[in-house]
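This report refers to the structure that appears directly beneath it.
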Amino acid sequence: MIELIIFVLMAAAALAGAVAVIRARNTVYAAMGLLGTLLAVAVLYVVQLAHMVAAVQVIVYAGAVMTLFLFVIMLVGVDRNEDTRETIPNQRRMTIGLLAVLLVVIGFVVVSGSFDWIPVVGTAADPQLTNGTVQRIAGELFTGWVLAFEATALLLTIAAVGAIALASTRRRRQES
Amino acid sequence: MDVVDVLFVIGRVLAVFVLLLVVTILNVWLERKILADMQNRVGPDRAGPWGILQTVADGLKLFFKEQITPRKVEYGLYVLAPFLAVIPAFLMFMVVPFGRPITIGGREVPLQGADLNIGLLFILAMSSIAVYAVVLAGWSSGSKYPLLGGVRATAQAISYEAAMGIAMVSVVMFSATTGPDGTLSLAAIVERQAGTYDMTIPFLQWADFIPRWNLWPQFVAFVIFLIAIVAETNRAPFDLVEAEQELVGGFHTEYSGMRFAMYFLAEYVNIFSMSAICATLFLGGWTGPTFDGQIPALFSALLPFVWFLIKTYAIIFLFFWIRATLPRMRYDQLMQLGWKRLIPGALIWLMVSTVVIAFRQFGPPWS
């Protein structure tokens, strides 16, 4: 019961945040809306006993990514009005079309799938309680998925090095 | 879980809240007194004995002061920002154990807000939420000085949080050598530092009083962590966020009355929490001799809390001492120290520590 209440509250908060992202006039408020959505989703993770995922969600998305967003917004300046011209031809019609496809797919899944509301009632001895712990995730990550893990690490390193290389060559060109 | 358990949880949370408020009142006074002593002044000495009620008087004054709201502020975020500073500051301390679990009426009560199995990640998460208080205050004040202070504070917090996190990782990895596996729970990290080293080398046996703190094997991580938490709490010599000569008051320039008091409260709560976390990770937290059976049980139960306070206040004293000693750093020096010294240093130490742990666990790779 408590889980249901928390879910409804947090889902509402996440949706409200999402609406704020597209409706807010000021970009900073849009960023705050996104932050609200991210935090609400983090609470949902906690309810599902995925504590590790919730913590990472807050540290990485709410902590690092959104702070960077805000930083950029503030430094670029929010006084300028946003450019609302639509650059892609038939943007609105395409959006409505894609939305219709999405709704059909969701409807199909809801109708044909067999959903049960499974409340998580866990005791300390319940194996479900350990679902999202660091030990479980690390165990999976470093045994079954170690190749994917290493490949992702390499990809991120390459991306970071590439960003630095791009920034430094541009600066050198400007100086000469 | 019955009603009594719920009451115990509420009691624990309230205890942590009251503890933080009381130590904040003490710490503000203590800092002013210590700074005054180091600078050959008298310091506050009017309110109460030795001026100990000075903070209460200041708090009451701020409470009744007018809250001036400048005309150009973004009102919603301007009001929200102080709360974002206070709430994470209090939440952060919730995962720190401040005493040995005690038994009341047959129930084991851990002296800790909550023992999360992601304790250290929770601390990092809260400190990254606290950054918003500064960013939003700086931006929503609609004034130049707060904006500059906010931008500085954000860059500083993000940079030093990285070094802090990496230093924490080495401690977590080291905890795998003293227990069944590595742990992020602060309660487990403390319990694994209990006891003293048993010296097997004959001529070192006199040294068997040395406690098994993480401080000795992880000394480099300790130094990096200490520097990072001083920067993270925006204290001197890293307090250029609120450099008075350049930025008036930094991000909270436009705040007054109770809203300013909330920032003040958050800063001092953060100092205490960060020192407590440092004591927990490296100085063994509440562990120490309790003389069970030799002295009344009540004293045995209280002694761990006393050890915890002594260790935490040792680090807090270091904070004040550094403030009285070192001049403020320049912004580029700060960034150089963070990115070119601390983060690479922490990474190298992490690798060294990993190799040593792997060597002890699995033996040399050629065997």
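Computed over heavy atoms, backbone and side chain alike; hydrogens, waters and symmetry mates excluded. Note that the structure is a prediction, hence the values are computed from the model and not measured. Reminder, nothing fancy here: chain letters follow the sequence lines and each chain counts from 1.
B:T253 contributes no side-chain N or O that, together with a main-chain N or O of B:Y145, makes up a donor-acceptor pair within less than 3.5 Å. Put simply, the side chain of B:E254 never gets that close to the backbone of B:S141: no donor and acceptor are under 3.5 Å apart.
Looking only at heavy-atom pairs under 4.5 Å with chain B, the residue among A:V56, A:L39, A:L35 that has the most is A:L35. Interface summary for chain A: among B:L77, B:L147, B:V131, B:L124, the most heavy-atom pairs under 4.5 angstrom belong to B:L77.
Side-chain contact check for B:V151 versus B:W139: every heavy-atom pair is 4.5 Å or farther apart.
Interface remark: B:I129 contributes side-chain atoms only to the contact with chain A (heavy atom separation under 4.5 Å). The parts of B:V135 that come within reach of chain A are both its backbone and its side chain, each placing non-hydrogen atoms under 4.5 angstrom from that chain. Heavy-atom distances place the side chain of B:L184, and not its backbone, under 4.5 Å from chain A. Interface remark: B:A130 contributes no atoms to any contact with chain A (heavy atom separation under 4.5 Å). At a 4.5 Å heavy-atom cutoff, the contact between A:M32 and chain B is made by side-chain atoms alone.
Side-chain atoms of B:Q361 and B:T177 include no donor-acceptor pair closer than 3.5 Å. At a cut-off of 3.5 Å, with distance as the only test, a side-chain donor of A:Y29 or B:E74 sits close to an acceptor on the other residue.
A perpendicular orientation is assigned to the rings of B:F251 and B:Y263, their planes being inclined by more than 60° (bins at 30° and 60°).
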